[in-house]
Asks: 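Below you will find the structure I want to go over with you.
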Amino acid sequence: MLLVILWLIQDFLTVFSGGGMQIPGLFMLGVVYKLFVDEGSDDSLWAIWSAFAGGILWDLRWIGVPGFFTLGYVVVVLVVIQVWGLIPPQGRASGSSLLVFVLLEVSQLVPPMLPVLILGGAAGWNYFLMQQVYSLPAIMITMYIYLRRVRSNKV
Amino acid sequence: MDNTRNTTREWIHGLTALILALFLLGVSSGLGIQKSIVDIWGAILSIPEYPAVVMREMYLGWRSWSRDKNSLNEEVTRLRNENAKLRLDLAKITSGNVYVASQDEVRTARVTLRAPMSWWSEIRIDRGEQDKITQGLPVFYNGYLIGRVSNVSLMSSWAELITSSSFMIPAVIEETRELGVVAGDGNGTVLMKYIPVSRAVRAGMKVSTAMIGEQLPPGLPIGQIAGEISTGADGYATYRINPGADLSRFYTVNY
């Protein structure tokens, strides 16, 4: 439900900005955040297919060609699953800020980069760079929420 | 062992999703149904997106209104300055004014202090000796006389307003050429004193500085007669003047 809401908020903000501002990938921040805090389930298949579905819907709404963001979203989820899986549960609980930041940044870096790499063009790179700038506050907020959760669980 | 199986499953699902995404990317441009799916999805999303569209239109409308307002304000300021200059030019033409003739351009000063205790008496402006301001220099707003410089220092000056109770200058009613004295009452009212009762002075007649003044040159527009206030036993009437300049709303003045 959280992911659906985040997807809709991201879509809402994109419509509101009318292309004048690059909206951060809130949906992928939500997926990565849920992967961080998801300790109960046996696997992370939900994340893979949520990312896939979210990507396809985003492509159909904003790109017109399904696959661009879908590919990026799935790549991000696989990277996060693998890297996060390498950290022992005790290490995750201690909340390594740098790693959390890097993984959240990857979620904002990879999806918009793939269309630019595939399609090319200076305008695409400008769009990509601006999105990275606008993403930073969203990444910091997500990181803050995660670290606060880790600390409160410790107490 | 379980962990390995989970990892394997994750890899299988992940790679499947990747292959599907690549497949879609590769073949979607050739699929005829893709456009209609995009259209249908767009139509569905138009419902949750509707508030964003409305908010965006409101925002754009507000921004456009704000921009128009700014441009109108700039236009009003430009026209006001032009109007002020034309009024002074008119005064120059009608009275052969010595002062106005020497002024090639209307210069502007900012009002930096208008103390509540002396609200109707004086203002401080941000121009002084270094800007060639001299004592007695007339001060205008919107092309009308609002006072004269009473005190000058290097970088600022004080100007006495026409509403000040100590402000008294000879003036003329332009339509009748009747001479009198324009004076303030210290409470925001400007008066025209010493007009013989028998003269046909009516509201709306223009008042400007008279040629017999020692300090101010003649022909500077002051305002219009608003109405008679009192008639003295000595046979002279006092009239209230509507100053041409709005004395409550000036932030800058001309000199």
Side-chain angles (χ1 to χ4, degrees), chain A residues 4-5 7-21 23 35 41-82 84-86 89 111 114-115 118-119, chain B residues 1-70:
Chain A
V4 174
I5 292 169
W7 194 97
L8 286 172
I9 291 174
Q10 189 177 326
D11 180 59
F12 185 95
L13 291 175
T14 308
V15 173
F16 181 71
S17 75
M21 179 184 162
I23 303 301
L35 275 171
S41 46
D42 294 336
D43 51 43
S44 303
L45 301 186
W46 63 266
I48 294 167
W49 293 111
S50 297
F52 183 83
I56 279 205
L57 295 177
W58 192 258
D59 285 330
L60 287 174
R61 175 62 185 90
W62 292 104
I63 308 291
V65 180
F68 279 108
F69 274 79
T70 317
L71 197 62
Y73 284 6
V74 174
V75 167
V76 167
V77 168
L78 285 175
V79 169
V80 173
I81 289 172
Q82 293 312 309
W84 199 241
L86 293 174
L114 285 177
I118 293 169
L119 299 174
Chain B
M1 184 67 187
D2 267 358
N3 193 27
T4 312
R5 200 165 55 233
N6 286 346
T7 310
T8 312
R9 273 178 64 191
E10 280 170 358
W11 270 112
I12 291 168
H13 281 260
L15 288 174
T16 310
L18 272 181
I19 291 163
L20 264 175
L22 280 168
F23 174 76
L24 282 171
L25 196 58
V27 301
S28 57
S29 53
L31 293 176
I33 53 166
Q34 176 211 327
K35 254 189 175 175
S36 52
I37 294 172
V38 169
D39 291 344
I40 292 167
W41 182 229
I44 294 168
L45 280 177
S46 66
I47 298 164
E49 285 172 0
Y50 181 73
V53 174
V54 173
M55 282 168 69
R56 178 168 170 74
E57 278 171 3
M58 279 169 64
Y59 167 72
L60 289 176
W62 172 81
R63 205 174 63 171
S64 160
W65 175 82
S66 174
R67 237 180 237 166
D68 288 350
K69 191 172 166 248
N70 282 346

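Chain letters run A, B, ... following the sequence lines, proteins first and then strands; every chain starts at 1.
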Asks: Can you tell me which portion of A:Val77 sits under 4.5 Å from chain B's heavy atoms? Options are side chain, backbone, both or neither.
Replies: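 Neither part, no heavy atoms under 4.5 Å.
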
Asks: On a heavy-atom basis, which atom in B:Ala21 and which in A:Phe52 lie closest, and how many Å separate them?
Replies: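 The answer is N-CE1, 3.9 Å.
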
Asks: Taking all non-hydrogen atoms of both residues into account, name the closest pair between B:Ala52 and A:Phe16 and its distance.
Replies: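 Heavy atoms of B:Ala52 and A:Phe16 come nearest at O-CD1, 3.8 Å.
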
Asks: Between A:Leu45 and B:Arg9, what is the shortest heavy-atom contact and its length?
Replies: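 Nearest pair, atom of A:Leu45 first, then B:Arg9: CD1-NH2, 3.3 Å.
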
Asks: Where on A:Ile81 is there a heavy atom nearer than 4.5 Å to chain B: the side chain, the backbone, both, or neither?
Replies: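 The answer is the side chain of A:Ile81.
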
Asks: Rounded at 0.5 Å granularity, tell me how far CZ in B:Phe23 sits from OG1 in A:Thr70.
Replies: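 The CZ atom of B:Phe23 sits 13.5 Å away from the OG1 atom of A:Thr70.
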
Asks: Looking only at non-hydrogen atoms, find the nearest pair between B:Gly14 and A:Val74 and report the distance.
Replies: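 So the two residues come closest at O-CG1, 3.7 Å.
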
Asks: Return the set of residues passing side-chain contact (heavy atoms from CB on, under 4.5 Å) with A:Val4 (not counting sequence neighbours), or none when no residue passes.
Replies: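 Per chain and number, A:Val4 pairs via side-chain contact (heavy atoms from CB on, under 4.5 Å) with A:Leu8.
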
Asks: Measure distances from A:Leu57 to the heavy atoms of chain B and classify the residue's part below 4.5 Å as side chain, backbone, both or neither.
Replies: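 Interface part for A:Leu57: both.
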
Asks: Using a 4.5 angstrom heavy-atom cutoff, name the option from B:Leu60, B:Ile44, B:Leu20, B:Leu15 with the most pairs to chain A.
Replies: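 Maximum pair count with chain A is reached by B:Leu20.
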
Asks: Find out whether B:Thr16 and A:Trp49 are in side-chain contact, i.e. whether some heavy atom of one side chain is under 4.5 Å from a heavy atom of the other.
Replies: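 Yes, side chains in contact.
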
Asks: Once you round to the nearest 0.5 Å, how far does CG of A:Leu60 lie from CG of B:Leu24?
Replies: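 Going from CG on A:Leu60 over to CG on B:Leu24, the span is 9.0 Å.
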
Asks: Which pairs, with at least one residue in residues 40-50 of chain B and sequence neighbours excluded, count as a side chain to side chain donor-acceptor pair (under 3.5 Å)?
Replies: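 Those involving residues 40-50 of chain B are A:Arg61-B:Glu49.
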
